[in-house]
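Per chain, numbering begins at 1; letters A, B, ... match sequence-line order. Just the heavy atoms: all of them, side chains too, but no hydrogens, waters or symmetry mates, feed the values below.
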Amino acid sequence: MRLHQELEARLRSAVAAVLPDAPLAGVAVRPCPDTRFGDYQTNSLMALAKERKMNPRQLATDVLAKLEVAEWCEGVEIAGAGFLNFRLKPSAICHALLDPLRGGPLFFSLAAVPRTVVVDFSSPNVAKPMHIGHIRSTALGDALSRVFRLLGHRVITDNHIGDWGTQFGLLLIGWKSHLDSAALERDPIGEMERLYKKVNADSEADPQVRENARQELVKLQAGDPENLAIWRRMIELSQVQFDTIYHRLGVTFDHTLGESFYNPRLKAVVQELTEKGIAQESRGAICVFSDGALPPKEDPFLIQKDGEWQPNPALIQKGDGAANYATTDLATLAYRWEVWKPDEVIYVTDGRQQLHFRQLFAIWRRWHPGLADRMRVAHVWFGSILGEDGKPFKTRSGETVKLGEVLTEAESRAFEVVTQKSPEISEAERREVARVVGTGAVKYADLSPNRQSDYVFSWEKMLSLQGNTAPYLQYAFARIRSIFRKSGVGIHSLPATFTLTHADELSLAKHLLTFGITLEAVAAEYRPNYLCSYLYELAGHFARFYESCPVLKSEGVERESRLVLCELTSRVLKQGLSLLGIEVLEQM
RNA sequence: GCAUCCGUAGCUCAACUGGAUAGAGCUUCUGACUUCGGAUCAGAAGGUUACAGGUUCAAAUCCUGUCGGAUGCACCA
C-alpha cells in the first residue's frame, strides 16, 4: 500500500471509532496544496461535521485522539476550520522509496477492479490531409489510453476513420475526369485534395455536376465495381499517409474500423429503432424525437424557439434513404458492445459535437435500457486551436495547417537549437535529438492546457524550450543520465538503506510519492494536463535539488541517497513522459 | 432566440471539481564558485478571478441576474 493510502485507512478507522455510522467512502487524504501546512491533509471531517451539524474542530479533535499514524508521521495538526495536516517522517519517506527502487510499481498501484475501455480517437478523413486539428484528438486519446493501460485496465483503441459519405460522389467525378496520375504518384493526398476542391467548385457553379456526383455516390453505394475499386484505392493511399503520421507520433491502434465497416449493419439499426417505436418518419426522414423523460432544458431532442419548446430530432435516415453519422455511430456502439463487452467507451472529439453525442447516448439508452449501468459512455471533448488572431488556426491563404508540416517545422527548429547548444554531437545524433524534441514539444503543447479551453497556437511558445515545455522535462532527464554516466554507478549498486535530510531532497522525494494520485486523477477526469503539471513540478523539484545538493561531490550514504533520488526521478520522468507519448534522450 | 462552454497578472495558461495567503511560463529588472549539462537556479515586479447580488465555516469553482466571446441548433461528419 502506498503511504497516503495507509494514512487514509487509519483515518477511516479513526472516523469509524468516533462516528460508527458515518459513510467512509468520502473520507480521503490528499497532498497538501501548500507544503507550509504539511505533506498530506484531509478536509473530509469538515464535510462530515456539516452533515451532522457538529462542531468541525471538535470532530477533528475527537478523530485525532483515535488516529494512530505515529509510524509514518511526525505529528498531525488541526488547522483552520477543521483540517487535519499530516507531516511525514523522513524515515517513512525513505521506506516508501524502497519498493519502487527494487522494481515495484513506480508510486502507483493497479486498479482494484480492471475495466475494459474502448477509446475512439483521431478519426481522420480519407482523401484529405491530416491537419493540425487532428493532433488534439490523437495526442489526448493516445495519452489517455496509455494511462488506462498502465493502471491495469484492458484498453482497446479504435480509429474510426471517415471512409464513407457524400464527399465520395465529388471525389469519384474528379478521379474519373481530372486525375493527374503523375501527381497522384508524387503526392496522393495533395492530388485527391485538389480533385475534391476542383469538383466542389465546379458543382457550385453547375447543378449538373452536383447531380452527377449524386449519381456516382448512388452507384458506389449500390456496389458498382469501378467506383468501389476507386474508393478502395483512395482509402489505401490515405492509410499510407495516416501510417506515416502515426509512426512519427508513435501512435498505434488496435483497430481501424472506419465508418464503411458498419454499412451492412445500418438498415437493421434503423429498422429496429423504428419497430421499437424509438424512431419515426418525419418530413421524409426517419428521426428520434423526445420521449419526455427529461425536463425540457436537459432534453437533447428539444430546443426553444420563439418562446416554445420545439422538436430537435436526431436523424437516423435521410429523406433519400441513406443513413447518416448518427446511424453509423449507433451501429458502432452496438458492435463494440457485442464484440468487446466494454465497461466504458470513450470518444475523444472536439466540443462542437456535444449535442450529437448527447443525442447519441440518449438514443442508445432507449435502445438498450438494460445496458446503461453496464457500459459507461463518455464524450471527452476538447476546444479549438486558434491562430494568433483568436480565430481558428489557418495558414495565411486560409488553408488548414497540415499536421505533417507542423511536425517537420518543429523538428527543424529543434535541430537549429541542438546544433547551437551541443555542436559536439554528431549530425546523425542531432537529427535524432531534433526528432524527439520537436515532436515532443508539439504533443506537450497540446496536452498541457486544460483540454476544454481553446488555445492559441504559437511556435515561439511551443519550441521556446524553456518553462513548462517538453524540452525542459527532457533536459531534466538528460542531466540525470549524465550524472550516472559520469559516476559509473549502476542502479544495482544502489544501497538498500539511505537517509534524506536536506529540505530539497525531502521535497523531491515527497513529490515522487504522489505520481500515482496524479495518474488516478488523469484517468478519472480524462485530463492528461494534470500529468503535465505534475511532471513540470517534478522537474522543478529536481532542478532545485540539483542546485543545492551536489551528488557526485558528496560522499558515503549521502552520495548514495542522492543517487537513489536521481534514479527514481529519472524513472518517473521517463514513465510520465512516455504516458504522454513523449520520448526521452540520454543526451541532448 | 435557445443550449453548451468560456471570461483569472501586459501576453499564454494552471488551480487535484467547494478548501487554507489564486499559481506557473513568457516579458521586464536584479543576482548565481569560469557549471556533477547555464536548454539551469534564486529574487523582484505584476490580481477586487468580467460585473452585481446570493448560498456557508470556506467560492475562481455552486445559484440568480447583467455584459462580452466561442461553438452548436432537420437530412455534412
| Looking only at atom types and distance, does a side-chain atom of A/His134 sit under 3.5 Å from a main-chain N or O of A/His131, one as donor and one as acceptor? |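 A pair under 3.5 Å: yes.
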To the nearest Å, how far apart are [X] [atom1] and [N] [atom2]?
X: A/Asn450; N: B/rC6; atom1: CG; atom2: C1'; result: 11 Å
X: A/His541; N: B/rA24; atom1: NE2; atom2: P; result: 11 Å
X: A/His356; N: B/rG72; atom1: NE2; atom2: P; result: 15 Å

| query | Relative to each other, are the rings of A/Phe515 and A/Tyr534 parallel, tilted or perpendicular (30° and 60° limits)? | reply |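 Tilted.
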| query | Looking across every strand, which nucleic acid part, if any, lies under 4.0 Å from A/Cys549 by heavy atom: base, sugar-phosphate, or nothing? | reply |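 Answer is base: heavy atoms of A/Cys549 come under 4.0 Å of a base.
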Has [X] got a side-chain N or O lying under 4.0 Å from the OP1 or OP2 atom of [N]?
X: A/Lys297; N: B/rU4; value: no
X: A/Lys50; N: B/rG18; value: no
X: A/Tyr475; N: B/rA39; value: yes

| Any N or O donor-acceptor pair linking the side chain of A/Asn85 to the base of B/rA20 at under 3.5 Å? |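 Side chain to base: pair found, below 3.5 Å.
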| Can A/Phe83 be said to stack with the base of B/rA20, given centres closer than 5.5 angstrom and planes under 30 degrees apart? |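 Stack criterion met.
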| task | Verify the stacking flag for A/Tyr546 against B/rU40: centroid separation must be under 5.5 angstrom and the ring planes must differ by under 30 degrees. | result |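 According to the criterion (under 5.5 Å, under 30°), no, A/Tyr546 does not stack.
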| task | Using heavy atoms to find the nearest nucleotide of RNA chain B for A/Ser548 and A/Leu315 separately, return the residue whose nucleotide is more 5′. | result |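 Result of the comparison: A/Ser548.
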| field | ring-ring contact (aromatic ring centres under 6.0 Å, His included) between A/Phe361 and A/Phe357, intermediate numbers included | value | CA-CA 6 Å; A/Phe361 297 163; A/Phe357 280 102; 5.8 Å; yes
| field | P spacing across the pair B/rC73 / B/rA9, given as an integer number of angstrom | value |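 To the nearest whole Å, 32 Å.
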